[in-house]
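By convention in this document, chain letters (A, B, ...) are assigned in the order of the sequence lines, proteins followed by strands, and residues within each chain are numbered from 1.
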Number of protein chains: 2
Amino acid sequence: MCIMKNNKKEIFKGESLKLAEFAKAVSHPARIEILKILAEKNSCICGEIVLEIPLAQSTVSQHLKELKSAGLIAGEIDGPRSCYCLNAEGIAVMRRLFEGLFAVIETDNIKCKC
Amino acid sequence: MCIMKNNKKEIFKGESLKLAEFAKAVSHPARIEILKILAEKNSCICGEIVLEIPLAQSTVSQHLKELKSAGLIAGEIDGPRSCYCLNAEGIAVMRRLFEGLFAVIETDNIKCKC
DNA sequence: TGACTTTATCGTATGTTTACGATAAATGTG
DNA sequence: CACATTTATCGTAAACATACGATAAAGTCA
């Protein structure tokens, strides 16, 4: 049926929608920390993330899942342990979209009449 | 009392927390569109935003409030009409934080062993 | 094989976001 | 002054996000 009273996001055009999705993916400090940890370690790690983030293991796993579904990280299940790492392409796409927005809302040349 | 079972965001350190707040502010396409409209018009407008965004007036007003409380726009109530414009300082702060993150998670030099 | 480790997923509680209509507040207009 | 216009706020419903514990799944190791 798809009533969707509270989700009109599809109304908006592609670029803003995609950017909003990336923004949502990084809209929680734990997820930002996870990205930083993965960058800092310069390699894939697994349960080490859980040790560094003061949240329950299941919660961290959930945040990892969100980052993965946003395309910012990649994960490989490898037996009992999982291996996550940054996804260069996804990060590049996000960066391009954000920089596009920043360029548009560059305020140097905007004179506000308020 | 402040039991806060579902809000552990304050646990995280300042920079990630602040970045997450900005990210949340732009995590809805309507809010991104509003920023773009304000930039494009190169001036403060009021109900014109409502005409350009396919959402109810009260909903747009709510989005404007969020952008304002995030520090990305400024608004002046001027009698029956309001006047919003981009907030250069807030946008600059957000940009700096995002670019700091992008620099950290720059993946050119990260070799994934997955 | 049985115990252990590691991680994902399920179930659930609680809080937050998104959306709308209705209404209030502030001001201008006939 | 009554009325229209404009916008914020209130109330509310539905959906989503966040967090946890419990448990399942899939491997390792003694």
Tell me the interatomic distance from [X], atom [atom1], to [N], atom [atom2], rounded to whole angstroms.
X: Lys9(B); N: dA19(D); atom1: NZ; atom2: P; value: 7 Å
X: Leu55(A); N: dT7(C); atom1: CG; atom2: P; value: 16 Å
X: His63(A); N: dT9(C); atom1: NE2; atom2: C1'; value: 15 Å
X: Lys65(B); N: dT18(C); atom1: NZ; atom2: C1'; value: 14 Å
X: Gln57(A); N: dA22(D); atom1: CD; atom2: P; value: 13 Å
X: Glu21(B); N: dA17(D); atom1: CD; atom2: C1'; value: 16 Å
X: Lys24(B); N: dT16(C); atom1: NZ; atom2: P; value: 10 Å
X: Ile11(B); N: dA19(D); atom1: CD1; atom2: C1'; value: 10 Å

*Side chain of His28(B): nearest nucleotide among dG21(C), dT18(C), dC20(D)?*
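Of the candidates, dT18(C) comes closest.
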*Aromatic rings Phe12(B) and His28(A): how do their planes relate, parallel, tilted or perpendicular, breaks at 30° and 60°?*
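Ring orientation, 0 to 90° scale: perpendicular.
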_Is it the case that the base of dA8(C) and the side chain of Gln62(A) share a donor-acceptor contact (distance under 3.5 Å, atom types as modelled)?_
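Checked by distance alone, the answer is no.
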*Is Asn87(A) reaching over with its side chain to a backbone N or O of Ala74(A), donor-acceptor style, under 3.5 angstrom?*
no
*Salt bridge check: are Arg96(A) and Glu99(A) linked by an N-O gap of less than 4.0 Å?*
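No, this pair does not count.
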*Nearest-nucleotide wise, let me know which of Leu64(B) and Ala56(A) is further upstream toward the 5' end of DNA chain D.*
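It is Leu64(B), whose closest nucleotide lies nearer the 5' terminus.
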*Can you check whether Arg31(A) has a side-chain N or O nearer than 4.0 Å to OP1 or OP2 of dT18(D)?*
yes
*Establish, with yes or no, whether the OP1 or OP2 oxygen of dT6(C) is under 4.0 angstrom from a side-chain nitrogen or oxygen of Tyr84(A).*
no
*If you find the nucleotide of DNA chain C closest to Phe12(A) and the one closest to Thr59(A), which residue's nucleotide is nearer the 5' end?*
Thr59(A)
*Nearest heavy-atom pair of Leu35(A) and Ile73(A): which atoms, and what distance?*
CD2-CG2, 3.7 Å
*Check every strand shown and say whether Ser82(A) touches a base, only sugar-phosphate, or nothing at a heavy-atom separation below 4.0 Å.*
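Since only primed, P, OP1 and OP2 atoms lie under 4.0 Å of Ser82(A), the category is sugar-phosphate.
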*Does the ring of Phe22(A) carry Lys24(A) above it, NZ/CZ under 6.0 angstrom from centre and within 45° of its axis?*
no
